[in-house]
Amino acid sequence: MTFSLNLQDTLDQIAHEADALYGQGKVASYIPALAQVAPRQFGMAVAMTDGTCVKTGSADTAFSIQSISKLFTFVLALKLVGDDLWKRLGREPSGAAFNSMVQLESEKGIPRNPFINAGALVVTDILTTRYAHLDIALLGALRRLSDAPELNWDAQTAKSERDTAHRNMAMAYFMKSYGNFVNPPELVLDNYCRQCAIEMSCTQLTQATMFLANNGQDIDRLAHAGEQFLSADAARRVNALLLTCGAYDAAGDLAYRIGLPVKTGVGGGIVAIVPGVGTVAVWGPELDAKGNSVLGVFALERLVQLTGWNHL
Ligand code: GLN
C-alpha cells in the first residue's frame with residue numbers, strides 16, 4: 001500500500017497526542033510484580049512487510065507481554081495439532097472478562113476461545129504434553145522470529161504471578177473435572193506463568209508477529225530468507241480470531257475503533273496486524289477497566305485514522 005504521509009512524523013504525532021491520556025488508566029496490580037512498573041511510559045513500533053521499521057518513544061524497552069503470549073502459544077499448538085484443537089476449545093468471543101469462570105460451567109469445561117485465560121490454559125496444557133521444556137521451545141520460536149537471541153522470561157514476574165494464581169488454578173481444576181485437562185494443573189500453571197512473564201519490546205513484537213501480516217511467512221532481517229512459519233490459510237484464520245477475540249470483553253469495541261486483528265496484555269502491550277502491510281506494537285502500562293492499555297488503544301485508533309490501514 002502506498003501512503004503519502006511520513007510514517008515517522010505520524011508516529012511522533014500520535015506519541016505527542018497520547019501524552020494527554022496519562023493518568024486515565026491504572027497499572028495492573030493483581031500480579032504484584034506488575035504493580036512495580038512505572039505508569040507513564042509509551043512506545044510504538046511499526047514494521048512493514050518490506051523490512052522497514054519505524055518507531056517512537058520507548059519502542060525498545062522490554063515489558064511483560066502477559067496475554068500477548070496467548071497468541072504465540074496458540075500458533076504453536078495449531079502447528080502441532082491443527083484442527084484437533086477445536087475439540088477442546090471454542091472460537092467465539094466470550095463477552096466476559098479474561099479471567100471469568102462463569103461460562104465454563106454451562107459450556108462443560110470448553111473455553112470460549114484460546115485468548116481468554118481458560119482457553120490459554122488448555123493451549124498450554126496441550127503444549128505441556130508435547131514439550132518437556134515449554135519455555136525453551138517458546139523462547140526458541142520467539143528469538144528466531146524476532147531476531148533477538150537475548151529474549152527471556154522474568155523469573156520474579158513469573159513467581160509473583162504463580163504465587164497468586166488461585167483463580168487460574170481453580171479454572172484448570174474445573175476444566176479437569178470435565179475431562180478437558182490432561183496434565184497436573186500445577187505443572188501447566190508453572191508453564192503458563194513463565195510464558196506470561198516473557199519480556200519483549202514493541203520492536204521485537206512487530207518482528208515476532210510479522211508472519212501474520214505476510215501470509216504466514218516470517219521476514220528474517222538477518223538471513224533475508226523468511227521461514228514459512230504457518231500456512232497462509234492458517235495465518236488468515238488466526239487473524240480472524242484475533243479480530244473477534246483478541247481483546248477479551250472489549251473485542252467488539254476495539255474492532256469498532258481499530259478494526260484490525262489485535263492481541264492485548266495486562267502488561268500494557270498490544271500487537272496489531274495489518275495483513276499485507278505490516279505489524280504494529282504499542283505499549284503503555286496504564287490499563288482501562290477491561291485490562292487493555294489506554295494509550296495503546298488510542299494510538300492504534302489514531303494510526304488507523306491517519307493511515308487508512310483498515311480493510312474492513
Ligand atoms: N498472566 C495474566 C493472567 O493470567 C495474563 C492476563 C492478561 O494479560 N489479560 O491473569
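Order of listing sets the numbers, starting from 1, for every ligand and every atom in it. Fair warning: this is a prediction, and the values are worked out from it, not measured in the lab.
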Any N/O of Thr264 closer than 3.5 Å to an N/O of ligand 1? no
For atom 2 (C) of ligand 1, what is the nearest protein heavy atom, given as residue, atom name and distance? Gln66 OE1, 3.1 Å
What part of Asn168 sits under 4.0 Å from ligand 1 if we count only heavy atoms: the side chain, the backbone, both or neither? side chain
Short list, please: which atoms of ligand 1 are under 4.0 Å from a heavy atom of Gly265? 8 (O)
Considering only heavy atoms of Glu161, which atoms of ligand 1 have at least one such atom less than 4.0 Å away? 1 (N), 2 (C), 3 (C), 4 (O), 10 (O)
Give the residue and atom name of whichever protein heavy atom lies nearest to atom 6 (C) of ligand 1, and the separation in Å to one decimal. Ser67 OG, 3.1 Å
So Asn117 and Asn99, side-chain hydrogen bond (donor to acceptor under 3.5 Å, both in side chains) or not? Walk me through it. CA-CA 5 Å; Asn117 282 14; Asn99 57 1; 6.0 Å; no
Short version for Val266: what comes under 4.0 Å of ligand 1, heavy atoms counted, is both
Between Arg257 and Asp253, is a salt bridge (Lys or Arg N to Asp or Glu O under 4.0 Å) present by the stated rule, with each step listed? CA-CA 6 Å; Arg257 291 174 63 185; Asp253 183 48; 3.8 Å; yes
Walk me through whether Glu286 and Lys26 qualify under salt bridge (Lys or Arg N to Asp or Glu O under 4.0 Å). CA-CA 5 Å; Glu286 293 183 339; Lys26 285 200 172 65; over 6 Å; no
Parallel, tilted or perpendicular: which one describes the rings of Phe63 and Trp283, with boundaries at 30° and 60°? parallel
State the CG-OG distance between Leu78 and Ser231, to the nearest 0.5 angstrom. 8.0 Å
For salt bridge (Lys or Arg N to Asp or Glu O under 4.0 Å), just list the numbers for Glu92 and Arg112, CA-CA rounded to whole Å, side-chain angles, deciding distance to a tenth of an Å, and then say yes or no. CA-CA 6 Å; Glu92 289 295 339; Arg112 273 283 173 101; over 6 Å; no
Heavy-atom nearest neighbour of atom 4 (O) of ligand 1 within options Phe98, Tyr192, Tyr248, Tyr30: Tyr192
Distance, nearest 0.5 Å, that separates CG of Leu212 from CD1 of Ile273: 4.5 Å
For Cys196, which part has a heavy atom under 4.0 Å from ligand 1: side chain, backbone, both, or neither? side chain
